[in-house]
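Down below is the structure, laid out as structure tokens.
Side-chain atoms are counted along with the backbone in the values below, which use heavy atoms only and exclude waters and symmetry mates.
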Amino acid sequence: MPELPEAEANRLRVERECLNRTIEAVELGEDTDYLELPGDNERTRLVGHQFTRTHRHGKLIFAGSKTGPWIAVHLGMTGSLRPFDESDGAPDYAKFLIRFEGDRRLAFRCPRKLGWVRVVDSPSEEIARIEYGPDALEIGLEEFAEVIGGSRGATKSALMDQRKLAGVGNLWSDEILYRVGIDPERKGTNLAEEALTDMHEAMRDILYTVMDTEAHYDRLPDDWLIHTRKAGSGCPRCDGTIEKSKVGGRSAYHCTRHQK
DNA sequence: ACATCTGTTACGGC
DNA sequence: AGCCGTAACAGATG
């Protein structure tokens, strides 16, 4: 599920349904081996506080308040944050549960156990700890061009490097490069200023567009790669063919005709 | 049975 | 020192 727009959709659910309610208890779910989750002391720290605000940086989601502790959530590949009412029962794969006053609950689901939750003093402290670069929607053209244009490896890998800029993953890096007609393997140092400018703009447009749909991919424009991300399919934008390859250990899809 | 997967990270090489 | 690339991680799904 989660790159920046998907993390944003999760943050919005918390923002809408979990603010300004006193936390009464914080519990772990079933089968939490291998997961990094707050221990007894960290969970107790949250009790009695309310979340009054949320924040997102790249793929990281935060909830907290001006003076109280924060939770920092990384969704991994398959995680999600799900507010629910006690009367409806918890979702499956719930690994971490917050009980707010009244009927409201918040579950951190994580079927594949690649996500994590921490209790921290502030978002900025956690962002510094994990060494994330600027958020992909905050980074300006100048710094973007510096960071991506200065990268000696594949442009796709640079876009996905969270220390360079935070928020872009495998799916949307493909979409960005498809939009601007750049081969995912092209070296960053081999990109012209104009290509970097186009890429920065495409990144912003793609992330905002996906965010606007709250990550409902069926509502995205027909000429996006996402709908034809399959080896051998025809390119929606030219006469080319979509090819699958490996870039930086991840599967990459690109049009062999208009992406050079 | 086997390959795949929107996440990171540890480690070796340059 | 830093940057880069690859293997590894865990478990559901097709």
Original post:
If you draw a 6.0 Å radius around CD in A:Glu201, do more than 12 non-hydrogen atoms from other residues or ligands fall strictly inside?
Top reply: no
Original post:
Between C:dG11, C:dC4, B:dG7, which nucleotide has the shortest distance from any of its atoms to the side chain of A:Arg112?
Top reply: C:dG11
Original post:
Paired with C:dA10: which nucleotide, if any, by Watson-Crick or G-U wobble criteria at under 3.5 Å for both distances?
Top reply: none
Subject >> Short side-chain N/O contact from A:Arg163 to OP1 or OP2 of C:dG2, under 4.0 Å >> reply: no
Original post:
Given C:dC3, is OP1 or OP2 found less than 4.0 Å from the side-chain N or O atoms of A:Ser151?
Top reply: no
Subject >> N or O in side chain of A:Lys187 less than 4.0 angstrom from C:dC3 OP1/OP2 >> reply: no
**OP:** Grab the CG-P distance between A:Leu159 and B:dG7 for me, whole Å please.
**Re:** 12 Å
Subject >> Atom pair distance, as rounded to whole Å: CE in A:Met160 and C1' in C:dC4 >> reply: 13 Å
Subject >> Closest listed nucleotide, where the reference is the side chain of A:Tyr93 and the choices are C:dG5, B:dC5, C:dA12 >> reply: C:dA12
**OP:** Round to the nearest Å and state the distance from A:Asn170 atom CG to B:dC5 atom P.
**Re:** 8 Å
Original post:
For B:dT4, does OP1 or OP2 lie under 4.0 Å from any side-chain N or O of A:Ser251?
Top reply: no
Original post:
Rounded to the nearest Å, what distance is computed from the CH2 atom of residue A:Trp116 to the P atom of nucleotide C:dA10?
Top reply: 18 Å
Original post:
Would you call A:Arg219-A:Asp212 a salt bridge at under 4.0 Å N-O?
Top reply: no
**OP:** Check the distance between C:dG2's P and A:Glu131's CD and give it to me in whole angstrom.
**Re:** 11 Å
Original post:
What nucleotide, of C:dC4, B:dC5, C:dG11, holds the atom closest to the side chain of A:Lys164?
Top reply: C:dC4
Original post:
Do A:Asp174 and A:Lys244 sit within salt-bridge range, that is, some charged N less than 4.0 Å from a carboxylate O?
Top reply: no
Original post:
Atom NZ of A:Lys230 to atom P of B:dT4: distance rounded to whole Å?
Top reply: 15 Å
Original post:
Does the side chain of A:Lys113 get closer than 4.0 angstrom to OP1 or OP2 of C:dC9 through an N or O atom?
Top reply: no
Subject >> Short side-chain N/O contact to B:dG7 OP1/OP2 from A:Arg250, under 4.0 Å >> reply: yes
**OP:** Would you kindly give the CD-to-C1' distance between A:Glu3 and B:dC5, to the nearest whole Å?
**Re:** 12 Å
Subject >> Centroid-centroid under 6.0 Å between A:Tyr217 and A:Trp172 rings >> reply: yes
**OP:** Looking only at side-chain atoms of A:Arg152, point me to the closest of C:dC3, B:dT4, B:dT6.
**Re:** C:dC3
Original post:
What is the base-pairing partner of B:dT6, counting Watson-Crick and G-U wobble geometry with both distances under 3.5 Å?
Top reply: none
**OP:** Check every atom of B:dG7, B:dT8, B:dT4 against the side chain of A:Tyr132 and return the nucleotide holding the closest atom.
**Re:** B:dT8
**OP:** Using the P atom on both, measure B:dC11 against C:dA10 and round to a whole Å.
**Re:** 15 Å
Subject >> Nearest-neighbour nucleotide for the A:Pro2 side chain, C:dC3, C:dA10, B:dT6 considered >> reply: B:dT6
**OP:** Rounded off to whole Å, could you give me the CE-to-C1' distance for the A:Met77 and C:dA8 pair?
**Re:** 12 Å
**OP:** Return the 5'-most residue of the pair A:Tyr253, A:Ile130 with respect to DNA chain B, ranking by each residue's nearest nucleotide.
**Re:** A:Tyr253
Original post:
Above 12 or not: heavy atoms from other molecules or residues under 6.0 Å from CG of A:Asp92?
Top reply: yes
Original post:
Any side-chain N or O of A:His74 under 4.0 Å from OP1/OP2 of B:dT8?
Top reply: yes
Original post:
Thinking salt bridges, do A:Arg104 and A:Asp85 make one under a 4.0 Å N-O criterion?
Top reply: yes
